[in-house]
Amino acid sequence: MYDFLREKSISEAKQEFPSVFREAIKGYEVIAANHKSTKVEDTVSIISTEMYEEILNQAFPFKPIIEKDEKGKGYTIALDEIMVFGDGDTIKDAFEDLIDNVIEYIKLYFEKIDFYRQIPNRKGHYPFLRRLAKHASDRTKMMEVIAEWDTRLQQETLKKLRND
């Protein structure tokens with residue numbers, strides 16, 4: 001069998017951590033395994049944050065849904081990926097409300113991650129929230145990440161950049 005992945009016991013990984021760290025920075029994945037456990041999931045992958053974020057950006061895009069109120073009095077923007085939405089009189093207002101709601105959900109999720117990771121319809125939210133969590137203090141960057149697939153939201157983000 002080929003040995004493409006580098007697996008080490010927990011004790012080896014601890015002893016060789018500077019080396020493991022350098023390998024991860026270079027682009028290698030090092031898997032630390034608990035050889036005393038019989039569970040396959042008792043492993044941890046050590047990869048560079050840059051590589052991890054590349055994976056998240058490629059595999060977990062946001063596809064916002066913009067809906068106009070039936071009476072034409074406002075908009076709703078929904079992120080089905082994380083079950084969060086925002087409402088407002090304009091698309092801009094709805095987008096701002098969405099960002100507020102996403103930030104609040106990120107706070108809750110990461111404070112109680114062990115709880116949310118046990119809920120089947122919330123467990124998969126982690127990679128999407130992780131993409132946004134790194135930008136939680138930069139609303140414009142969060143808007144850019146969410147808007148990457150929607151031209152109307154990209155235009156709203158550009159307007160916000162011009163006004164700031």
Side-chain angles (χ1 to χ4, degrees), residues 2-8 10 13-14 16-34 39-67 76-86 91-92 94-161 164:
Y2 297 105
D3 189 20
F4 295 117
L5 300 176
R6 296 161 185 210
E7 187 171 306
K8 297 180 181 288
I10 293 172
K14 283 173 30 179
E16 301 172 17
F17 192 75
S19 169
V20 167
F21 185 86
R22 283 191 298 276
E23 287 181 45
I25 292 297
K26 289 179 186 175
Y28 295 102
E29 177 183 13
V30 179
I31 299 171
N34 183 352
K39 295 183 204 173
V40 173
E41 59 270 2
D42 282 353
T43 62
V44 173
S45 290
I46 303 167
I47 62 172
S48 73
T49 303
E50 179 183 9
M51 183 185 299
Y52 180 58
E53 289 175 355
E54 286 174 16
I55 293 166
L56 291 178
N57 292 342
Q58 292 296 313
F60 298 96
F62 287 96
K63 297 180 182 166
I65 300 166
I66 303 172
E67 294 180 350
T76 297
I77 302 174
L79 294 178
D80 287 348
E81 297 85 359
I82 57 173
M83 298 167 35
V84 176
F85 66 93
I91 290 177
K92 178 185 183 297
F95 204 7
E96 291 285 350
D97 187 50
L98 174 70
I99 295 300
D100 290 339
N101 295 336
V102 166
I103 290 170
E104 187 61 33
Y105 184 44
I106 289 170
K107 287 179 195 173
L108 291 170
Y109 195 95
F110 282 92
E111 284 174 7
K112 299 183 183 215
I113 195 165
D114 54 335
F115 170 73
Y116 283 108
R117 296 279 301 146
Q118 294 176 34
I119 301 173
N121 69 340
R122 301 279 180 165
K123 182 179 184 175
H125 293 185
Y126 175 82
F128 293 99
L129 294 174
R130 171 56 178 76
R131 285 192 68 203
L132 293 171
K134 113 179 221 181
H135 306 297
S137 62
D138 184 346
R139 295 175 66 85
T140 303
K141 184 62 181 169
M142 287 182 77
M143 289 176 158
E144 289 174 4
V145 171
I146 291 170
E148 64 195 1
W149 287 77
D150 191 283
T151 310
R152 288 184 290 180
L153 293 181
Q154 289 171 359
Q155 291 169 350
E156 290 302 324
T157 304
L158 287 173
K159 285 181 200 173
K160 180 170 175 37
L161 284 170
D164 286 350

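One is the number of the first residue; the rest follow in order along the sequence. If you're wondering where the values come from, they're calculated on a predicted model, not measured in any experiment.
- Under the 4.5 Å side-chain criterion, counting only non-hydrogen atoms from C-beta, Glu54 is not in contact with Gln58.
- With hydrogens and angles left out, the side-chain atoms of Glu29 and Ser45 include a donor and acceptor closer than 3.5 Å.
- The side chain to side chain contact (heavy atoms under 4.5 Å, CB included) search around Ile66 returns Tyr75, Ile77, Ile91, Asp150, Arg152, Leu153, not counting sequence neighbours.
- The shortest non-hydrogen separation linking Phe62 to Ile146 is CB-O, 3.9 Å.
- Residues passing the salt bridge (charged side-chain N to carboxylate O under 4.0 Å, His left out) test with Glu23 are Arg6, sequence neighbours excluded.
- The environment of CZ in Phe21 is sparse: at most 12 heavy-atom neighbours from other residues, nucleotides or ligands sit within 6.0 Å.
- For Asp100, the side-chain hydrogen bond (donor to acceptor under 3.5 Å, both in side chains) criterion is met by Arg139, not counting sequence neighbours.
- Atom CG of Asn101 and atom CD1 of Ile106 lie 11.0 Å apart (nearest 0.5 Å).
- Taking the side-chain hydrogen bond (donor to acceptor under 3.5 Å, both in side chains) definition, one finds that Asn57 meets it with Arg131, sequence neighbours left out.
- For Arg130, the side-chain hydrogen bond (donor to acceptor under 3.5 Å, both in side chains) criterion is met by Glu53, not counting sequence neighbours.
- For Glu16, the salt bridge (charged side-chain N to carboxylate O under 4.0 Å, His left out) partners two or more places apart in sequence, or in a different chain, are Lys8.
- For Ala24, the side chain to side chain contact (heavy atoms under 4.5 Å, CB included) partners at least two apart in sequence or on another chain are Ile46.
- Evaluation of the ring-ring contact (aromatic ring centres under 6.0 Å, His included) rule for Phe60 yields Phe128 as partners, not counting sequence neighbours.
- Within a 6.0 Å radius of OH in Tyr28, other residues, nucleotides and ligands contribute 12 heavy atoms or fewer.
- Judged as a side chain to side chain contact (heavy atoms under 4.5 Å, CB included), and not counting sequence neighbours, the contacts of Ala33 are Glu7, His35, Thr43.
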query: Is there a side chain to side chain contact (heavy atoms under 4.5 Å, CB included) between Leu132 and Lys134 once you walk through the steps?
result: CA-CA 5 Å; Leu132 293 171; Lys134 113 179 221 181; over 6 Å; no
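- Pairs engaging residues 106-120 under the side-chain hydrogen bond (donor to acceptor under 3.5 Å, both in side chains) rule: none recorded [sequence neighbours left out].
- Looking at every heavy atom in both residues, Phe85 comes nearest to Ala78 through CB-CA, 3.9 Å.
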- request: Carefully, step by step, assess Asp80 and Ile65 under the rule side chain to side chain contact (heavy atoms under 4.5 Å, CB included).
  value: CA-CA 8 Å; Asp80 287 348; Ile65 300 166; 3.0 Å; yes
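- For Pro127 against Leu56, the heavy-atom pair with the smallest separation is CB-CD2, 3.5 Å.
- Take Ile10 and apply the side chain to side chain contact (heavy atoms under 4.5 Å, CB included) test, not counting sequence neighbours, and it matches Lys14, Asn34.
- Minimum heavy-atom separation, Val145 to His135: CG2-CD2, 3.9 Å.
- Between Pro120 and Lys123 there is no side-chain heavy-atom pair separated by less than 4.5 Å.
- Applying the side-chain hydrogen bond (donor to acceptor under 3.5 Å, both in side chains) test to His125 and every residue at least two apart in sequence or in another chain returns Tyr105.
- Rounded to the nearest 0.5 Å, atoms CE (Met142) and CG (Leu98) are 8.0 Å apart.
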